[in-house]
Amino acid sequence: MHKPIKFVEKGLSIAANGAWVVFNNLNKINQRPSFTPKWSDKPLLKSYEKTKPPLGWPRETDSLCPTCTREARQAILDGKKDVSVLLNEKVGEIKATILERDGKILMVKDCPLHGHFEDVMAIDTDFFKHLEDVFPGRDIGAHNDEKLHNHGSSTIKHGRGAVLTVDLTNRCNMMCDPCFMDANQVGFVHELSWDDIKTVLDNAISIKPRRQMSVQFSGGEPTISPYFLDAVRYARKVGYNSVQAATNGIEFAKDPEFAKKAADAGLRYAYLQFDGIGNAANSHRRVGNLFDVKLRAIENLYAAGVDIVPVVTIVNGVNNEQVGRIIEFALDNPKKINFLSFQPVSFTGRDEEVTPERRAAQRYTLSHLAHDVKNQTGIGEPVRDWFPISFMGSFTDWADVTHGAEKEFGQLTCGCHPNCGVGMAVMIDKETKEAVPVTKFLRAERLARDIQQVTDAGRSRFWSNVGMALSLVRNYDSFNSPTHFKLTDLLKKFDKTFGATKSAEKGKYGRVEGDRTMDDIAKRRADRWNFLFIAGMWFQDLFNYDFRRTEMCIIPYATQQGEISFCAYNTGIGWRNIIEKMHMTATLTKWYEEHGRHEIFAGGKSVELNSTAHSLKLNEEAVRAGAQTDLDDLGIAKNAREEKMAANARKHSGGGAPDKTKTPEELAAEAARNAEMAKLYRQHVLKEQPTLTIQGLGGRRGTGAPGSTKSKAQEPSEVLHKPVV
């Protein structure tokens with residue numbers, strides 16, 4: 001039985017529908033031309049002026065041959081080719097076709113030298129089509145960027161991006177699989193100096209449109225950089241009001257005072273690596289008590305005023321069954337978790353030379369995520385409730401108009417390709433824990449079309465707010481909203497999110513600028529309603545690479561060689577490998593001589609914590625559950641380490657089926673030798689015992705796999721005799 005207020009709100013919705021018709025007709029008269037804001041040298045775009053990349057299927061795009069690309073990268077690393085070839089030639093590029101086959105969307109491509117490649121883009125064609133259909137179009141073209149955006153085919157062309165990523169160091173205190181940057185394995189240290197950090201941040205705010213109010217410090221593990229706190233402080237100083245750290249949480253878990261110092265410096269978000277509920281679910285990261293670390297990190301960060309975003313690398317067969325458990329964790333703890341980021345595995349870094357069998361078994365797409373959320377939690381319909389994260393552009397465009405021309409920064413706009421990222425919003429009652437997808441009670445597609453019409457008219461702040469309010473009310477379905485949710489709560493949410501009213505800008509809901517206080521943080525947290533955003537961000541690898549996505553990247557890396565698309569940096573031609581070697585700080589030997597060895601947790605070693613106490617609600621059954629065993633049952637390796645072990649065992653056994661001419665005793669002796677070799681391999685190569693081998697930069701000829709074998713140009717591999725140094 002619905003509350004009486006729900007019927008009143010239904011009546012208001014019907015009335016607003018009629019008022020909207022009148023408002024919209026009047027709004028079409030004498031529409032204003034777009035203005036050029038202070039943060040751009042080009043005028044704001046009307047919705048009908050926006051361009052789109054080729055969408056639908058079948059369609060052709062520009063991609064890469066995985067093998068040609070690795071060979072070309074290795075030639076540059078070995079000094080056989082100059083890096084300038086990446087600016088002037090289409091290195092490794094081939095055409096690819098995106099098509100439908102057997103109810104799936106695939107990318108297929110053929111290299112004249114290395115043959116046929118194909119991979120899955122989506123397992124649900126309706127879902128894939130929906131994402132592309134509601135894409136609102138590209139942002140203002142990037143400009144004033146010639147010095148920072150000059151990377152040949154990998155150059156970013158559209159918009160400004162949502163989050164600037166700055167890798168402070170390639171050192172890490174873990175040895176994870178997967179790891180897209182191959183941390184601790186390349187034989188040298190690449191670490192930004194203080195002058196480097198200031199330079200890349202100063203350069204970043206020169207690009208227009210100046211939208212990017214978020215900067216994320218990453219690595220390696222950014223908290224082990226000696227400049228971490230100073231970098232956070234400086235980022236706030238130059239204008240970034242959302243300073244983030246992509247972290248495994250170890251340093252924050254060990255020391256609550258460190259969390260407080262980070263918050264005082266201006267850290268707003270911790271993007272916390274979080275692969276499942278319970279230590280078993282995180283065991284593939286090879287830290288004995290990693291889940292305990294996460295819980296303590298959340299406690300310490302939250303107490304300091306930092307918001308936490310669990311970031312989940314999803315690998316099919318390894319932890320995809322954790323999707324529902326992690327969402328349940330967020331639903332059970334709505335006061336501390338209001339954002340989840342799921343990132344389907346990208347086969348790059350240590351996993352770049354994945355076998356076709358493992359790639360097929362572990363491939364996980366955004367459509368997998370939408371279906372797993374529904375199947376494991378019962379929340380959300382893939383086509384109704386999931387949208388590309390670029391869908392929010394229609395609302396940020398409206399906010400740009402209402403805020404006027406004098407702002408220093410435009411609204412943060414996630415204008416990436418619809419194949420890159422998706423999201424579903426869930427409204428949670430913090431008191432009752434009731435959770436309902438926002439798009440179950442708000443007609444999102446019609447709302448977006450309404451808002452585009454309001455924005456295109458270019459009216460004053462007052463009339464733009466009136467149009468937004470009318471559209472929200474007419475698209476609101478009170479009968480499907482949470483029990484205690486009111487229409488006024490919806491209006492307040494939009495005001496809080498976009499700063500629609502001047503009172504919101506002045507701190508009615510708590511300020512977010514650099515001088516915010518714990519009182520501001522308390523105000524923002526006092527809201528009864530948690531707008532939980534469940535995001536999926538799918539980074540590319542060489543098997544599904546699409547340059548139409550790269551040129552629209554919203555997560556560029558700030559480097560000594562300019563700003564580079566996330567995927568072009570970590571995958572693609574592999575700008576990371578090239579730039580880090582070009583700007584190498586020191587070899588490991590030199591670094592250790594001058595600085596000593598930092599602590600590394602690997603091989604099942606636990607992090608020493610002062611306490612494991614926490615106030616988070618947990619599902620004890622999920623905590624006690626063992627690690628996922630799907631791949632074990634299929635006999636497929638879980639990661640690059642296991643593949644290397646299997647290859648090594650085959651090498652020493654001669655490969656193939658057992659030799660039937662050998663006696664049982666000979667076979668047993670051979671098996672014992674193989675077991676001993678595998679044990680030694682695990683100890684001395686894979687770092688699963690106290691010995692850790694850090695290999696140099698190099699690779700097998702023609703593969704370009706960093707750290708696989710020693711090339712002529714690299715120093716000998718270096719061995720860490722203890723995991724704690």
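Enclosure of atom NZ in Lys46 by more than 12 non-hydrogen atoms of other residues, nucleotides or ligands within 6.0 angstrom is indicated. For Lys52, the NZ atom counts as densely surrounded, since its 6.0 Å shell holds more than 12 non-hydrogen atoms of other residues, nucleotides or ligands. Counting non-hydrogen atoms of neighbouring residues, nucleotides and ligands closer than 6.0 angstrom, the NZ atom of Lys335 reaches no more than 12 such neighbours. More than 12 heavy atoms of other residues, nucleotides or ligands lie within 6.0 Å of NZ in Lys42, so this atom counts as buried by the packing criterion.
Val200 is linked by a side chain to side chain contact (heavy atoms under 4.5 Å, CB included) to Val166, Ala558, counting only residues two or more places apart in sequence or in another chain. Legend: residues meeting side-chain hydrogen bond (donor to acceptor under 3.5 Å, both in side chains) with Arg233, ordered by chain and number and at least two apart, are Asp230. In this structure Phe339 satisfies the ring-ring contact (aromatic ring centres under 6.0 Å, His included) test together with Phe533, sequence neighbours excluded. Every residue two or more places apart in sequence or in another chain was checked for a side-chain hydrogen bond (donor to acceptor under 3.5 Å, both in side chains) with Asn333, and none qualifies. Residues passing the side-chain hydrogen bond (donor to acceptor under 3.5 Å, both in side chains) test with His151, sequence neighbours excluded: none. The ring-ring contact (aromatic ring centres under 6.0 Å, His included) test applied to Phe494 returns Phe498, not counting sequence neighbours. Remark: Tyr269 pairs with no residue by the ring-ring contact (aromatic ring centres under 6.0 Å, His included) rule, at least two apart or across chains. Scored by the side-chain hydrogen bond (donor to acceptor under 3.5 Å, both in side chains) test, Asp255 finds no partners at all (sequence neighbours excluded). Evaluation of the side chain to side chain contact (heavy atoms under 4.5 Å, CB included) rule for Asp195 yields Ser193, Lys198 as partners, not counting sequence neighbours. Residues satisfying the ring-ring contact (aromatic ring centres under 6.0 Å, His included) criterion with Trp39, sequence neighbours excluded, are absent altogether.
Looking only at atom types and distance, the side chain of Ser242 has no donor-acceptor partner in the side chain of Arg268 under 3.5 Å away. Checked by atom type, the side-chain pair Ser206/Asn203 shows no donor-acceptor distance below 3.5 Å. Thr413 and Thr396 share a side-chain donor-acceptor pair at under 3.5 Å.
Applying the salt bridge (Lys or Arg N to Asp or Glu O under 4.0 Å) rule to pairs touching residues 242-254 yields Glu251-Lys254, Lys254-Glu599, sequence neighbours excluded. For residues 300-311, the pairs satisfying salt bridge (Lys or Arg N to Asp or Glu O under 4.0 Å) are Asp307-Arg525, with sequence neighbours left out.
Here Ser341 contributes atom OG and Leu272 contributes atom CG; the two are 11.5 Å apart, rounded to the nearest 0.5 Å. Here Asp139 contributes atom CG and Asp400 contributes atom CG; the two are 8.0 Å apart, rounded to the nearest 0.5 Å.
Judged by distance alone, with hydrogens and angles left aside, the side-chain atoms of His598 form a donor-acceptor pair with the main-chain N or O of Cys172 at under 3.5 Å. Panel note: side chain Ser225, backbone Leu168; no donor-acceptor pair is recorded below 3.5 Å.
Between Asp264 and Lys260, at least one side-chain N (NZ, or NE/NH1/NH2) sits under 4.0 Å from a carboxylate O, which counts as a salt bridge. Ion pair Arg171/Glu221 not flagged as a salt bridge, since none of the NZ, NE, NH1 or NH2 atoms sits closer than 4.0 Å to an Asp/Glu carboxylate oxygen.
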